[in-house]
There are 2 protein chains.
Amino acid sequence: MASTASRPSRVATLPPRERILDAAEELFHHEGIRRVGLQAIAERAGTTKMAIYRHFETKDALVAEWLRIVAADYQAAFDRVEAEHPGRPAEQILGLARFIAEGLPRLSHRGCPFINSLAELPDRSHPARQVIEQHKARQTRRLVGMCAQAGLPDPEQAAAEITFALEGAQVSTQNGSIDQVGDRLMRVVEGILDRHRSPSGASRSTTD
Amino acid sequence: MASTASRPSRVATLPPRERILDAAEELFHHEGIRRVGLQAIAERAGTTKMAIYRHFETKDALVAEWLRIVAADYQAAFDRVEAEHPGRPAEQILGLARFIAEGLPRLSHRGCPFINSLAELPDRSHPARQVIEQHKARQTRRLVGMCAQAGLPDPEQAAAEITFALEGAQVSTQNGSIDQVGDRLMRVVEGILDRHRSPSGASRSTTD
DNA sequence: CCCATGTGATACCGCTCGGTATCGTCCGAT
DNA sequence: ATCGGACGATACCGAGCGGTATCACATGGG
């Protein structure tokens with residue numbers, strides 16, 4: 001279950017590289033990438049700037065590695081959810097939404113690391129951008145697959161709608177109260193599934 | 001030098017303050033707040049750093065003013081949409097969604113200025129944060145009002161769902177193709193309205 | 001035993017940042 | 001004609017940044 005949000009930090013038993021990544025995760029998420037200097041990361045990790053450069057080429061590489069880890073965590077969680085409901089794609093999708101919904105408080109009013117990093121890295125050639133895009137692509141592919149397996153007539157549209165909801169919910173974390181966001185998110189996703197399942201008039205055309 | 005980047009080089013007829021705000025809008029939106037220095041803004045506005053400080057207390061004040069203008073633009077657009085469908089709240093909501101959907105390409109792969117700024121300003125006491133929060137609160141209040149007027153049984157939930165969709169769609173702008181995002185967004189919002197109108201969609205409880 | 005390696009500490013470099021001070025100049029109101 | 005306020009240009013400041021160089025030490029495998 002990984003170290004919880006309020007990290008005890010500086011467990012000297014951990015090798016420096018892990019401490020650096022832990023510190024980076026904390027600071028990048030709470031303060032933003034550009035606000036955080038390597039000095040601050042080094043101090044939080046109980047080491048020095050030089051140690052960081054012994055393990056990472058540049059700061060950008062550290063950022064990319066951080067996001068790679070976050071992506072892997074999400075990936076693993078999705079694997080778990082998928083395995084919990086084998087052969088039941090609708091349950092998998094809901095489990096996935098529930099995972100996000102339950103994780104919202106842990107974001108502590110700072111939204112999704114990927115979305116935030118996107119805002120801070122307008123450069124599409126930044127190494128971290130590729131990590132994000134690959135992750136999003138994988139996630140979307142997976143979601144589309146689940147929707148297709150669930151027999152939804154338009155799995156791509158359904159997946160896109162669910163993605164909107166998931167990301168919108170994470171953004172909403174950043175202002176106001178989080179209390180109801182999780183429940184609201186679950187209801188949206190349920191609604192999307194219901195609507196895509198039932199042919200109950202696929203809503204009128206928008207062309208107006 | 002690079003006086004002309006991609007813009008029709010602000011003509012000198014505009015007063016400096018407007019030129020500065022125009023330049024700030026461009027650069028803040030495309031590069032991010034923290035990546036852009038006052039020097040760059042001054043150059044793009046065809047003036048100097050000193051001129052900026054004659055019109056704005058600090059850089060943070062300039063950022064806040066920029067977001068205030070963006071918020072006013074949105075507000076005005078919402079007024080327009082509302083006036084186009086007097087007494088027809090559902091049409092107003094759809095018109096609102098359409099306004100966002102049609103505006104997506106204009107964001108040119110850089111998402112919503114508010115969401116991006118949120119990511120770059122973790123400090124809740126930052127003057128720009130208050131602008132954002134007030135704007136979001138107003139927008140939500142307005143949307144809830146429309147949903148209530150439309151006779152939806154749970155206007156707050158409906159408004160929250162629509163907000164998820166709107167923000168999620170804007171985030172989705174940042175990676176991949178925009179082509180279908182607008183259409184998808186419209187369909188989600190239509191779906192949300194339909195489901196909230198018809199009792200058939202109450203569906204199961206989320207508690208499990 | 002000894003040396004290579006990884007580590008912590010410190011000092012430093014060049015650059016850019018937000019912000020300030022100081023000029024000379026232009027222009028419009030009086 | 002003049003005078004004051006806004007303007008453009010430039011130089012500067014202290015601070016922080018990413019990144020580099022150097023040195024001392026500790027430790028563990030040959």
Side-chain angles (χ1 to χ4, degrees), chain A residues 9-24 26-28 30-67 117 120-123 125-129, chain B residues 1-5 9-28 30-67 117 120-123 125-129:
Chain A
S9 133
R10 211 168 319 133
V11 183
T13 59
L14 275 157
R17 188 169 196 277
E18 310 307 315
R19 281 181 290 156
I20 291 167
L21 282 169
D22 276 0
E26 262 288 306
L27 294 174
F28 284 157
H30 283 93
E31 308 280 340
I33 295 172
R34 293 188 58 84
R35 286 189 85 91
V36 172
L38 294 177
Q39 182 82 36
I41 295 176
E43 281 173 11
R44 195 178 212 306
T47 179
T48 64
K49 230 166 40 160
M50 269 313 298
I52 297 181
Y53 280 99
R54 286 204 194 91
H55 294 279
F56 304 92
E57 287 276 336
T58 66
K59 181 186 181 182
D60 289 343
L62 173 60
V63 173
E65 184 61 20
W66 162 57
L67 288 175
S117 298
E120 292 200 85
L121 306 173
D123 201 355
S125 66
H126 192 289
R129 285 285 298 233
Chain B
M1 290 290 251
S3 64
T4 63
S9 77
R10 315 268 159 222
V11 195
T13 59
L14 276 151
R17 190 170 195 274
E18 310 306 315
R19 279 182 292 157
I20 291 167
L21 282 169
D22 275 1
E25 176 181 357
E26 262 287 306
L27 294 174
F28 283 158
H30 283 94
E31 307 281 339
I33 295 173
R34 293 189 57 86
R35 282 189 87 89
V36 172
L38 294 178
Q39 182 82 33
I41 295 177
E43 281 173 12
R44 197 181 210 306
T47 179
T48 64
K49 230 166 42 162
M50 270 313 298
I52 296 181
Y53 279 100
R54 286 202 193 90
H55 293 279
F56 305 93
E57 288 275 336
T58 66
K59 181 186 182 182
D60 289 342
L62 173 60
V63 173
E65 184 62 19
W66 161 57
L67 289 175
S117 298
E120 292 199 85
L121 306 173
D123 201 354
S125 66
H126 192 288
R129 285 286 297 233

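The sequence lines fix the lettering, A, B, ..., with proteins before strands; numbering per chain opens at 1.
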What verdict does the side-chain contact (heavy atoms from CB on, under 4.5 Å) test give for B/Ile41 and B/Leu62, after you've listed the backbone C-alpha separation in whole Å, the side-chain angles of each residue and the deciding distance to 0.1 Å?
CA-CA 11 Å; B/Ile41 295 177; B/Leu62 173 60; 4.0 Å; yes
Taking B/Glu120's backbone N and O only, do any of them form a donor-acceptor pair with B/Arg34's side chain (distance below 3.5 Å, no angle check)?
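Not confirmed, B/Arg34 side chain does not pair with B/Glu120 backbone.
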Length of the [atom1]-[atom2] vector between [X] and [N], whole Å:
| X | N | atom1 | atom2 | result |
| --- | --- | --- | --- | --- |
| B/Glu120 | C/dC17 | CD | C1' | 15 Å |
| A/Ile52 | C/dG8 | CD1 | P | 11 Å |
| B/Lys49 | C/dT22 | NZ | P | 16 Å |
| B/Glu57 | C/dT20 | CD | C1' | 14 Å |
| B/Ile20 | D/dC7 | CD1 | P | 8 Å |
| A/Arg34 | C/dG18 | CZ | P | 10 Å |
| A/Ile33 | D/dC17 | CD1 | P | 15 Å |
| B/Asp60 | C/dC17 | CG | P | 15 Å |

Picking from C/dG8, D/dG8, D/dG19, which would you name as closest to the side chain of A/Thr47?
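Comparing C/dG8, D/dG8, D/dG19 against the side chain of A/Thr47, the answer is C/dG8.
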Please pick, from D/dG8, C/dG8, C/dG18, the nucleotide with the shortest atom-to-atom distance to any side-chain atom of A/Pro16.
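Minimum distance to the A/Pro16 side chain belongs to C/dG8.
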With DNA chain D as reference, determine whether A/Met50 or A/Gln39 sits nearer its 5' end, using the nearest nucleotide of each.
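Comparing both residues, the 5'-ward one is A/Gln39.
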With a 4.0 Å cut-off, would you call B/Arg44 and B/Glu26 a salt bridge?
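A salt bridge is present here (some side-chain N lies under 4.0 Å from a carboxylate O).
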Quick check: do B/Phe28 and B/Leu67 have side-chain heavy atoms less than 4.5 Å from each other?
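With C-beta onward as the side chain, the pair stays apart.
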So do A/Glu65 and A/Arg17 actually touch side chain to side chain, heavy atoms under 4.5 Å?
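When only atoms from C-beta onward are counted, A/Glu65 and A/Arg17 do touch, with a gap below 4.5 Å.
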Is there, by distance only and without an angle test, a donor paired with an acceptor across the side chain of B/Lys59 and the base of C/dG19 below 3.5 Å?
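There is none.
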Check whether the side chain of B/Arg54 and the base of D/dG5 form a donor-acceptor pair under 3.5 Å.
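Not at all, since no donor on one side and acceptor on the other fall under 3.5 Å apart.
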Just checking B/Thr48: base, sugar-phosphate only, or nothing, at a heavy-atom cut-off of under 4.0 Å?
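Result for B/Thr48 = base.
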Taking only side-chain nitrogens and oxygens of B/His55, does any of them come within less than 4.0 Å of OP1 or OP2 of D/dA6?
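Answer is no, no contact under 4.0 Å.
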Nearest 0.5 Å, please: how far is CD1 in B/Ile33 from CD in B/Glu31?
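B/Glu31 CD to B/Ile33 CD1: 12.5 Å, rounded to 0.5 Å.
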Within 6.0 angstrom of A/Glu57 CD, more than 12 heavy atoms from elsewhere:
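Check fails, neighbour count at 12 or below.
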Axis deviation across the helix from C/dC1-D/dG30 to C/dT30-D/dA1, five-pair ends, to the nearest 10°
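The two end axes of the helix from C/dC1-D/dG30 to C/dT30-D/dA1 meet at 10°.
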